[in-house]
J.: 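Here you go, one structure.
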Amino acid sequence: FTLQKRMVLVYVFVIIFSLIAALFITKRYTKPIISLRDAAVEVAGGDFTQKVSVTLKDELGELAQAFNIMTIRLKNSYESLEEEIEIRKQAEIDAENALEDAQDARNRSESAYKIAELARQEAESANRAKSDFIANMSHELRTPLNAIIGFSQLMERDKDATDSQKESVNIIMRSGMHLLTLINDI
């Protein structure tokens, strides 16, 4: 073999060895990267159960380990958010129910106020009617009663009246005065 042939053989051997080494290195490093990418796509889709196996102890191994920790934290955060959403939904429902209850109570209160106002107006009207009735009755009773008392006083002055008549006039006078006092008290 000549030197040129040996050199060509060495070059071919180096090229073949380089290709084999590149293929081995590519497989060794691209497989974990592809696995990491596939897991990242699944996690982005909401599947937080994805884990990347850590087989290497180099930067890719550290990256896979950090990815797994990140996935666990994302899962915990997602679950916490879901719980918080449920709590807030329940709080919103409770607030809506409380608002409805408050509106119902307000409506009942307004109705009760209207009923009470009508009752007050009716009571005032009845009170005015009672006052008018008492005033009219007082006047209607007082007029004839004053006439009775006046005639009794005239009859009391009569010198020709017998004792029996004077006693009767006295009774009429006392009864009339008593009735007049009762009417005045009303």
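Heads up: numbering here begins at 1 and tracks the sequence.
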J.: What pair of heavy atoms forms the shortest contact from F48 to T71, and how long is it?
T.: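 Scanning both residues, the minimum pair turns out to be O-CG2, 3.3 Å.
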
J.: Between I16 and V8, is there a shared hydrophobic cluster once you connect ILVMFWY residues whose side-chain heavy atoms come closer than 4.5 Å?
T.: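 Yes, I16 and V8 fall within the same hydrophobic cluster.
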
J.: Compare every heavy atom of K51 with every heavy atom of I72, then report the nearest pair and how far apart it is.
T.: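 Minimum heavy-atom contact is CD1-NZ, 3.6 Å.
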
J.: In this structure, would F67 and Y78 fall into the same cluster of hydrophobic residues linked by side-chain contacts under 4.5 Å?
T.: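 Linked within one cluster.
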
J.: Could you see if I85 belongs to whatever hydrophobic cluster contains I93? Use Ile, Leu, Val, Met, Phe, Trp, Tyr and a side-chain cutoff under 4.5 Å.
T.: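 No, I85 does not connect to I93 through the hydrophobic network.
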
J.: To the closest 0.5 Å, what do you measure between CG (D94) and CG (L99)?
T.: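 The CG atom of D94 sits 12.5 Å away from the CG atom of L99.
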
J.: Crowded around M173 CE? As in, over 12 foreign heavy atoms under 6.0 Å?
T.: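 More than 12 heavy atoms, drawn from other residues, nucleotides or ligands, come within 6.0 Å of this atom.
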
J.: CD1/I148 to OG1/T143 distance, rounded to the nearest 0.5 angstrom?
T.: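 Interatomic distance, I148 CD1 to T143 OG1, rounded to 0.5 Å: 11.0 Å.
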
J.: Take H178 and R174 through the side chain to side chain contact (heavy atoms under 4.5 Å, CB included) test and state the conclusion after the steps.
T.: CA-CA 6 Å; H178 180 68; R174 276 194 320 265; over 6 Å; no

J.: What's the shortest heavy-atom distance between S152 and V169, and which atoms?
T.: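 Smallest heavy-atom distance, with atoms named: O-CG1, 3.2 Å.
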
J.: Is the closest side-chain donor-acceptor distance between D47 and Q50 under 3.5 Å?
T.: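 Q50 and D47 do have a side-chain donor-acceptor pair below 3.5 Å.
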
J.: Enumerate donor-acceptor pairs with a distance under 3.5 Å from any side-chain N or O in residues 102-112 to protein atoms, sequence neighbours excluded.
T.:
unit_1: R106; atom_1: NE; unit_2: E110; atom_2: OE2; d: 3.2
unit_1: N107; atom_1: ND2; unit_2: Q103; atom_2: O; d: 3.3
unit_1: S111; atom_1: OG; unit_2: N107; atom_2: O; d: 3.0

J.: Begin with the C-alpha distance, continue with both residues' side-chain angles, and end with the deciding distance and a verdict on side chain to side chain donor-acceptor pair (under 3.5 Å) for Q121 and E117.
T.: CA-CA 6 Å; Q121 289 172 357; E117 181 62 23; 3.2 Å; yes

J.: So do the side chains of I134 and K130 get within less than 4.5 Å of each other, counting heavy atoms only?
T.: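 With C-beta onward as the side chain, the pair touches.
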
J.: How close do L180 and L145 get, heavy atom to heavy atom, and via which atoms?
T.: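 In terms of heavy atoms, the two residues are closest at N-CD2, 3.4 Å.
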
J.: Mind checking whether I149 and I183 sit in one hydrophobic cluster, side chains of I, L, V, M, F, W, Y counted as touching below 4.5 Å?
T.: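 Yes, I149 and I183 fall within the same hydrophobic cluster.
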
J.: Are there more than 12 heavy atoms of other residues, nucleotides or ligands under 6.0 Å from atom CD of E167?
T.: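 Open: at most 12 neighbouring heavy atoms sit under 6.0 Å from CD of E167.
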
J.: Tell me whether L60 is reachable from I25 by hopping between hydrophobic residues (I, L, V, M, F, W, Y) whose side-chain heavy atoms are closer than 4.5 Å.
T.: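 Shared cluster, yes.
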
J.: To the nearest 0.5 Å, what is the distance between CD (E86) and CD (E84)?
T.: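 E86 atom CD to E84 atom CD measures 10.5 Å (nearest 0.5 Å).
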
J.: With side chain to side chain contact (heavy atoms under 4.5 Å, CB included) as the criterion, how do R142 and N184 come out once you've worked through the C-alpha distance, each side chain's angles and the decisive distance to 0.1 Å?
T.: CA-CA 9 Å; R142 219 181 274 244; N184 286 337; 2.7 Å; yes

J.: Quick check: are there more than 12 heavy atoms from other residues, nucleotides or ligands sitting under 6.0 Å from CE of M70?
T.: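 Result for CE/M70: enclosed.
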
J.: Output the distance between atom OG (S18) and atom CG (L23), rounded to the nearest 0.5 Å.
T.: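 Spacing of OG (S18) from CG (L23) equals 12.0 Å.
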
J.: With rounding to the nearest 0.5 angstrom, report the CD to CD1 distance, E156 to I172.
T.: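 Spacing of CD (E156) from CD1 (I172) equals 11.0 Å.
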
J.: Flag yes if more than 12 heavy atoms outside R120 fall under 6.0 Å of its CZ atom; otherwise flag no.
T.: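 Correct, the count exceeds 12.
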
J.: Given side chains that start at C-beta, do those of K166 and D158 come closer than 4.5 Å, heavy atoms only?
T.: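 Side chain of K166 against side chain of D158, heavy atoms only: no contact under 4.5 Å found.
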
J.: Do the side chains of E92 and K89 get close enough for a salt bridge, i.e. N-O under 4.0 angstrom?
T.: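 No, this pair does not count.
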
J.: Among T49, V52, L74, which one satisfies side-chain contact (heavy atoms from CB on, under 4.5 Å) with V43?
T.: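 Output: one option passes, namely L74.
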
J.: CD of E96 to CG of D101: how many Å apart, nearest 0.5 Å?
T.: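 Answer for the CD-CG pair, E96 versus D101, is 12.0 Å.
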
J.: Please check this pair: side chain of Q165 against backbone of T162, looking for a donor-acceptor N/O pair closer than 3.5 Å.
T.: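 Present.
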
J.: Where do S53 and A64 come nearest, in terms of heavy atoms and distance?
T.: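 Looking at all heavy atoms of both residues, the closest pair is O-CB, 4.3 Å.
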
